[in-house]
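Here is the structure we will look at, set down as structure tokens.
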Amino acid sequence: MRTWLVTGGAGFIGSNFVLHCKRRSTMRIINVDRLTYAGNLMNLESLEDDPEHIFVQGDIRDRDLLRELLNRYHPDAVFNFAAESHVDRSIVGPDDFIQTNIVGTFHLLEEVLHYWEGMSGVERKEFRFLQVSTDEVYGSLGPREHPFSEKTPYAPNSPYSASKAAADHLVRAYFHTYGLPTLTTNCSNNYGPRQFPEKLIPLMILNGMAGKPLPIYGDGQNVRDWLYVEDHCRALHLVWEAGRVGEVYNIGGSCEKTNVQVVARICAVLDELFPDAAHSPHSSLIAYVRDRPGHDRRYAIDTSKIHRELGWKPEETFETGIRKTIQWYIENPSWVRSVQSGAYREWILKHYTISDRKQS
Ligand code: NAD
Ligand code: DAU
């Protein structure tokens, strides 16, 4: 049976990826997550009784733990999702971003390299290390500039994107210097079920439903390229399966929208679903607030490489994806309540058997 080590698999994209892989085939997943505020084991509730999902609360900076897990479970691929991921938090406190995104990735690469060097034959040839990265490493686009391609020079503008860029460079170096079979993906903004409501889309959905203000930074004309998370998961699986070793693949929704457009669409769907809400029309809740410092103006991804080489393209449109996402938040009030109250952090102890436990 295939065994994968996934880091950060209790977060938004990592948990969607673990669930996606489990739906596709029988496989064992070793899921290492530090369970920061963004890690939520409720995301993995449906795997509670699955003996082939082994959750380990641990830090990717903990080399002893990584070595022990690699030697004990012998994975044939490692997917690195673990990161501090929120730009606003990186502006207020960059330390954790440097620690996890740079030092953590370095420690993981070191341990994976030693593990891979000890492999032989087909196992060694087929092993993959996949780094899950972001389009933010490319910086900000002007209104008429061509979308980011894999050849766009790195120009990160926030402590978050700078830390992800540093990690990507390390991954590249481990391929070129030591031959570690790496793959790197740079993806645009994801949205969908299980996203922590500090990010634009879940925040607007939940505030809109509760009749709270919808804060738009600056003039709201910043552009993001939105991708439904399940499409990202399919792309990652394909890159693992057929991507060329040492290569970078950009992933995006080909779906550029200003923040105002995104919020307006969410408001329109909420008006349709809750026509009698006291605060309808929901757009009356929009409040323009102070801009994010160093706010990147536009991101957009040129997906021609992954389309040409691997045949990938998104299946969801923004219209179908945003409806599914809003529906998910409506249908999962206990997830929402526990995230908003912080109770999800205690939920771990009550409901989940953690096979191994390490605190950083
Ligand atoms: P998230 O913040 O929801 O999840 C991150 C997970 O990593 C959490 O479960 C957290 O507990 C865990 N983690 C943090 N520090 C850790 C450490 N030191 N050791 C082990 N686990 C740790 O993030 P996300 O949105 O799911 O993003 C996942 C990855 O995808 C990140 O690397 C991010 O840079 C990248 N990415 C995100 C997006 C997006 O739109 N969200 C787009 C492109 C790329
Ligand atoms: O592009 C990929 C990146 O997308 C990922 O690498 C990051 O991990 C992920 O957080 C995301 O970064 P952004 O900064 O683009 O996402 P965020 O949801 O924080 O913001 C999206 C846009 O909405 C951005 O222009 C800022 C704006 N915004 C955000 C919030 C939270 C608002 O106007 N109001 C808000 O309250």
Side-chain angles (χ1 to χ4, degrees), residues 6-17 31-41 43-44 56-62 65-66 79-91 96-97 99-101 103-105 107-108 131-138 140 148 156-158 160-161 163-164 167-168 185-192 194-204 207 213-227 229 232 236 250-253 257-260 262-263 286-292 295-301 358 360:
V6 171
T7 73
F12 164 49
I13 306 174
S15 64
N16 278 289
F17 182 71
N31 187 345
V32 188
D33 194 299
R34 184 179 164 198
L35 297 180
T36 66
Y37 78 95
N40 182 352
L41 282 177
N43 292 343
L44 299 160
V56 180
Q57 184 176 8
D59 193 314
I60 58 165
R61 288 170 304 169
D62 184 344
L65 173 69
L66 295 173
F79 288 77
N80 186 25
F81 292 89
E84 289 294 333
S85 69
H86 192 39
V87 175
D88 292 329
R89 285 182 192 252
S90 83
I91 294 166
D96 284 344
F97 290 73
Q99 284 304 319
T100 288
N101 301 1
V103 178
T105 303
H107 286 186
L108 182 62
Q131 171 72 359
V132 181
S133 190
T134 169
D135 61 355
E136 300 203 9
V137 297
Y138 298 120
S140 185
F148 302 130
N157 291 319
S158 72
Y160 162 69
S161 53
S163 67
K164 291 294 291 185
D168 292 4
T185 57
N186 293 92
C187 188
S188 64
N189 285 62
N190 282 217
Y191 67 102
R194 303 176 190 85
Q195 188 168 28
F196 196 81
E198 64 186 349
K199 307 279 165 65
L200 180 73
I201 287 186
L203 183 75
M204 296 299 152
N207 278 12
L214 307 178
I216 295 185
Y217 298 164
D219 64 2
Q221 294 305 311
N222 305 67
V223 171
R224 298 292 182 265
D225 177 352
W226 292 98
L227 180 69
V229 65
H232 187 188
L236 293 172
N250 281 358
I251 305 170
K257 294 204 178 297
T258 64
N259 294 336
V260 169
V262 168
V263 177
I286 289 175
Y288 287 88
V289 299
R290 194 159 60 90
D291 208 353
R292 171 187 280 175
H295 197 174
D296 284 337
R297 196 63 174 168
R298 173 176 167 239
Y299 304 145
I301 286 275
K358 282 237 171 188
S360 60

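Counting starts at 1 for both ligands and their atoms, in listed order.
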Of Ser85, Ala83, Ala38, the residue with the heavy atom nearest atom 8 (O) of ligand 2 is Ser85
Ligand 2 atoms nearer than 4.0 angstrom to some heavy atom of Ile216 are 33 (O)
Of Met204, Gln221, Gln195, Arg292, the residue with the heavy atom nearest atom 14 (O) of ligand 2 is Arg292
| said: Please determine whether any non-hydrogen atom of Glu198 lies less than 4.0 Å from an atom of ligand 2. | reply: yes
Counting from 1 in the order shown, the ligand 2 atoms closer than 4.0 Å to a non-hydrogen atom of His295 are 24 (C), 25 (O), 26 (C)
Minimal heavy-atom distance between Asp59 and Leu65, with the atoms involved, is N-CD2, 4.1 Å
If we number the atoms of ligand 2 from 1 as shown, the ones under 4.0 Å from a heavy atom of Val87 are 14 (O)
heavy-atom search around atom 33 (O) of ligand 2 in the protein gives Tyr217 N, 2.9 Å
One finds that the ligand 2 atoms under 4.0 Å from a non-hydrogen atom of His86 are 19 (O)
Within the 4.0 Å heavy-atom cut-off, what Asn190 brings close to ligand 2 is neither
In short, Leu227 meets Ser188 closest at the heavy-atom pair CB-OG, 4.0 Å
The single option from Asn250, Ile251, Asn186 that satisfies side-chain contact (heavy atoms from CB on, under 4.5 Å) with Ser133 is Asn186
(message) Side chains of Glu84 and Tyr160 only: does a donor on one sit below 3.5 Å from an acceptor on the other?
(response) no
Considering only heavy atoms from C-beta outward, does the side chain of Trp226 approach that of Val262 to under 4.5 Å? yes
Applying side chain to side chain donor-acceptor pair (under 3.5 Å) to Arg194 and not counting sequence neighbours gives Asn16
Short N/O distance, under 3.5 Å, between Arg224 and ligand 2? yes
Should Asn259 be counted as touching ligand 2, given the test is an N or O pair under 3.5 Å?
-> yes
Of all heavy-atom pairs linking His86 and Phe97, the shortest is O-CZ, 3.3 Å
Ligand 2 to Asp135, heavy atom cutoff 4.0 Å, flagged ligand atoms 1 (O), 2 (C)
- Item | Pair Tyr37-Arg89, side-chain donor/acceptor within less than 3.5 Å | yes
Heavy atoms of Asn101 and Ser163 approach each other most closely as ND2-OG, 3.0 Å
Atoms of ligand 2 under 4.0 Å from any heavy atom of Thr134, numbered from 1 in the order shown, are 1 (O), 2 (C), 3 (C), 5 (C), 6 (O)
Here the pair of heavy atoms bringing Asp135 nearest to Phe148 is O-CE1, 3.7 Å
Looking at Asn186, Asn189, Leu200, Leu214, the heavy atom closest to atom 16 (O) of ligand 2 belongs to Asn189
Exercise for the section: Inspect the contact between Asp219 and Arg297 and indicate whether a charged nitrogen and a carboxylate oxygen are less than 4.0 angstrom apart. Expected result: yes
Could you tell me if Asn80 and Thr7 have a donor-acceptor pair between their side chains, going purely by distance under 3.5 Å?
yes
Here the atoms of ligand 2 under 4.0 Å from any heavy atom belonging to Lys199 are 10 (O), 18 (O)
Contact set, ligand 1, heavy-atom distance under 4.0 Å, ordered by chain/number, equals Gly8, Ala10, Gly11, Phe12, Ile13, Asp33, Arg34, Leu35, Thr36, Ala38, Gly39, Gly58, Asp59, Ile60, Phe81, Ala82, Ala83, Ser85, Thr100, Val132, Ser133, Thr134, Tyr160, Lys164, Cys187, Ser188, Asn189, Asn190
The atoms of ligand 2 lying under 4.0 Å from a heavy atom of Tyr160, numbered in the order shown, are 5 (C), 6 (O), 7 (C), 8 (O)
